[in-house]
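Presented below is the structure to which this report refers.
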Number of protein chains: 2
Amino acid sequence: MTDDADLSDLLTLRLGYLVKHAYLQLAAFLGDALEPFGVHPRELGVLSVIAADGAERSQNELASAIGMDRTTMVAVIDDLEDRGLVERHRSPRDRRRNVVTLTEAGAACLRNAEQARAEAERAYLAPLDEDAAQALADTLRTLYEAHAGTHAGSARAHPVQGPGAAACALPAREAGGARGK
Amino acid sequence: MTDDADLSDLLTLRLGYLVKHAYLQLAAFLGDALEPFGVHPRELGVLSVIAADGAERSQNELASAIGMDRTTMVAVIDDLEDRGLVERHRSPRDRRRNVVTLTEAGAACLRNAEQARAEAERAYLAPLDEDAAQALADTLRTLYEAHAGTHAGSARAHPVQGPGAAACALPAREAGGARGK
DNA sequence: TATTGTTATACTCTATAACTATA
DNA sequence: TATAGTTATAGAGTATAACAATA
C-alpha cells in the first residue's frame with residue numbers, strides 16, 4: 001500500500017459509501033448483541049410486530065408491515081416456530097390465513113432481545129452527542145418517509161436518459177465474459 | 001390490512017430499520033441515475049479510485065482501498081475491461097501485480113457518471129434543508145470512523161451461547177430445516 | 001515463506017413464478 | 001377470479017479455500 005489515506009479519504013466523501021457502511025456497521029452491532037439470544041435482527045422485528053398490538057396478524061400482514069416478501073416470511077416463521085418462539089393457527093374466520101402468535105418463550109425472548117437491541121443502538125451511537133444522535137434519527141425518518149416506495153422496483157423514478165450517456169454505451173454486461181488472463 | 005399505520009410506525013422507530021432503508025433507497029437513486037451510463041455504483045467507485053491520483057494501482061490496492069474483497073475485484077475489473085473502460089497491464093517491476101488504468105472511454109464514462117451520481121445524491125437529500133444534509137454527512141462520517149473495522153468478521157453464525165440466552169435456547173437454526181407440514 | 005491474481009465454492013438475502021387451498 | 005400460504009428456483013452479493021506465478 002503506497003498511500004491508502006488519500007484513497008479512503010476520497011471514498012468517505014461519498015454519501016453512498018457512508019450510508020452503506022453505516023448499515024453494515026450497525027448490522028454488525030445488532031447481530032452481535034442479539035447473538036446470545038439466538039435471534040437475528042430481522043426475526044426480532046417479526047416478534048415485535050406480532051407483539052405490537054392485540055390484533056391477530058396473518059403472515060401476509062406481518063410481511064407487508066415489515067416490508068419483507070411474503071415468501072421470505074414463510075421461512076422466518078418456520079424457524080421461529082421450530083424454536084418454539086411462535087405458533088401458527090389457522091384462522092377460523094378465513095381458513096386461508098395463518099395467524100401467528102407468540103409463545104411464552106417467544107415473549108420472554110422478545111423482552112430480553114429488545115433490551116439487547118436498545119443497548120446495541122446506544123453503543124453504536126455512542127460517538128455522537130445526544131443532539132447529533134437525535135438529529136440523525138429525525139433526518140433518517142424524514143428521508144424514509146419522503147422516499148417511501150422508492151426501492152420497490154428499483155428502476156422507476158428516474159426513467160430519463162441524460163445527455164452524454166453515449167460515452168459509456170458499450171456492450172451491456174454479460175454473465176460470463178472471456179478473461180484476459 | 002386492518003391498521004398497518006401502527007405497525008409501520010413501530011418499525012420506523014428502529015434505527016436499524018431506518019438505516020437499512022436509507023441504504024436501499026439511496027442505492028436505488030444511485031442505480032437509476034447511473035443506469036444510462038451502464039455502470040453500477042460499485043464500478044463507479046472503482047473508476048474513481050483508479051483516477052484518484054497518478055500512482056498506478058494494482059487490483060489488490062484497489063480492493064483494499066474500496067473495502068472490497070480481492071476476489072470480487074477480479075470480476076469487477078473483468079467487466080470493466082470487457083466494456084473497454086479499463087486496461088490491465090502487468091507491472092514490470094513486480095510481475096505479480098496487475099496495474100489497472102483508465103482508457104479514454106473509461107475517463108469519459110467516469111466524468112459523466114460522476115455528474116449523475118452527484119445529482120442523484122442531491123435528489124436523495126432534497127427533502128432536507130442544507131444544514132440537515134450537512135449534519136447528516138458529518139454524523140455518518142463520525143460514525144464510520146469511530147466504528148471502522150467493526151463489520152470485518154463480526155456478523156456471522158451463532159456459535160456462542162452467552163449468559164441470559166436461556167430464554168431462547170432452543171434448537172439452533174439449520175440449513176434445510178423440516179417444516180411443519 | 002509470503003503475496004498477487006485467479007478460480008471454484010458456498011452461503012445469505014432477495015425476487016419471481018407456480019402450485020394448493022380457500023374465498 | 002382473487003387471495004394466503006407454500007415451494008422451488010434463480011439472481012445478486014459476499015466470503016473462504018485452494019492453486020499458479022512470482023517475489
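Excluded from the calculations below are hydrogen atoms, water molecules and symmetry mates; all remaining heavy atoms, backbone and side chain alike, are included. Here is the naming used below: chain letters follow the sequence lines, and residue numbers restart at 1 for every chain.
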[X] [atom1] to [N] [atom2], straight-line distance once rounded to whole Å:
X: Glu56(B); N: dT4(C); atom1: CD; atom2: P; value: 16 Å
X: Glu81(B); N: dG5(C); atom1: CD; atom2: C1'; value: 13 Å
X: Tyr23(A); N: dT14(D); atom1: OH; atom2: C1'; value: 12 Å
X: Asp69(A); N: dT16(C); atom1: CG; atom2: P; value: 8 Å
X: Met68(B); N: dT16(D); atom1: CE; atom2: P; value: 16 Å
X: Arg57(B); N: dG5(C); atom1: CZ; atom2: C1'; value: 18 Å
X: Arg93(A); N: dA21(C); atom1: CZ; atom2: C1'; value: 19 Å
X: Ile77(A); N: dT6(D); atom1: CD1; atom2: P; value: 9 Å

Using the test side-chain hydrogen bond (donor to acceptor under 3.5 Å, both in side chains), find all partners of [X] that sit at least two apart in sequence or belong to another chain.
X: Glu119(A); result: none
X: Gln115(A); result: none
X: Arg96(B); result: Asp94(B)

- On DNA chain C, nearest-nucleotide positions of Thr72(A) versus Pro92(A): which is more 5'?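 Its nearest nucleotide being more 5', the pick is Thr72(A).
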- Query: So does Arg42(A) get a side-chain nitrogen or oxygen closer than 4.0 Å to the phosphate oxygens (OP1/OP2) of dT14(C)?
  - Reply: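 So the side-chain polar atoms of Arg42(A) do come within 4.0 Å of the phosphate oxygens OP1 or OP2 of dT14(C), strictly under.
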- Are Lys20(B) and dT14(C) close enough that a side-chain N or O sits under 4.0 Å from OP1 or OP2? yes
- Query: With a 3.5 Å cut-off and just heavy-atom distances, do the side chain of Thr71(B) and the base of dT14(D) make a donor-acceptor pair?
  - Reply: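 Side chain to base: no pair present.
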- Query: Could you give all pairs that pass the salt bridge (Lys or Arg N to Asp or Glu O under 4.0 Å) test and reach residues 121-134 of chain B, with sequence neighbours left out?
  - Reply: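 Of all non-adjacent pairs touching residues 121-134 of chain B, those that pass salt bridge (Lys or Arg N to Asp or Glu O under 4.0 Å) are Arg117(B)-Glu121(B).
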- Query: Restricting to pairs with a member in residues 113-143 of chain A, which pass ring pair (Phe, Tyr, Trp, His ring centres under 6.0 Å), not counting sequence neighbours?
  - Reply: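 Residue pairs with at least one partner in residues 113-143 of chain A: Phe29(A)-Tyr124(A), Tyr124(A)-His147(B).
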- Query: Salt bridge between Glu56(A) and Arg93(A), side-chain N to carboxylate O under 4.0 Å?
  - Reply: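 Salt bridge between Glu56(A) and Arg93(A), a charged N being under 4.0 Å from a carboxylate O: no.
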- Query: Could you go step by step and tell me if Ser58(B) and Asn60(B) meet the side-chain hydrogen bond (donor to acceptor under 3.5 Å, both in side chains) rule?
  - Reply: CA-CA 5 Å; Ser58(B) 71; Asn60(B) 221 1; 5.7 Å; no
Distances under 3.5 Å between nitrogen or oxygen atoms of protein and nucleotides 2-5 of chain D:
residue: dT3(D); atom: O2; partner: Arg96(A); partner atom: NH1; Å: 3.1
residue: dA4(D); atom: OP1; partner: Asn60(A); partner atom: ND2; Å: 3.4
residue: dA4(D); atom: OP2; partner: Asn60(A); partner atom: ND2; Å: 2.7
residue: dA4(D); atom: O5'; partner: Asn60(A); partner atom: ND2; Å: 3.2
residue: dG5(D); atom: OP1; partner: Gln59(A); partner atom: N; Å: 3.0
residue: dG5(D); atom: OP1; partner: Asn98(A); partner atom: N; Å: 2.9
residue: dG5(D); atom: OP1; partner: Asn98(A); partner atom: O; Å: 3.3
residue: dG5(D); atom: OP2; partner: Asn60(A); partner atom: N; Å: 2.6
residue: dG5(D); atom: O3'; partner: Asn98(A); partner atom: ND2; Å: 3.1
residue: dG5(D); atom: N7; partner: Arg70(A); partner atom: NE; Å: 3.4
residue: dG5(D); atom: N7; partner: Arg70(A); partner atom: NH2; Å: 3.1
residue: dG5(D); atom: O6; partner: Arg70(A); partner atom: NH2; Å: 2.9

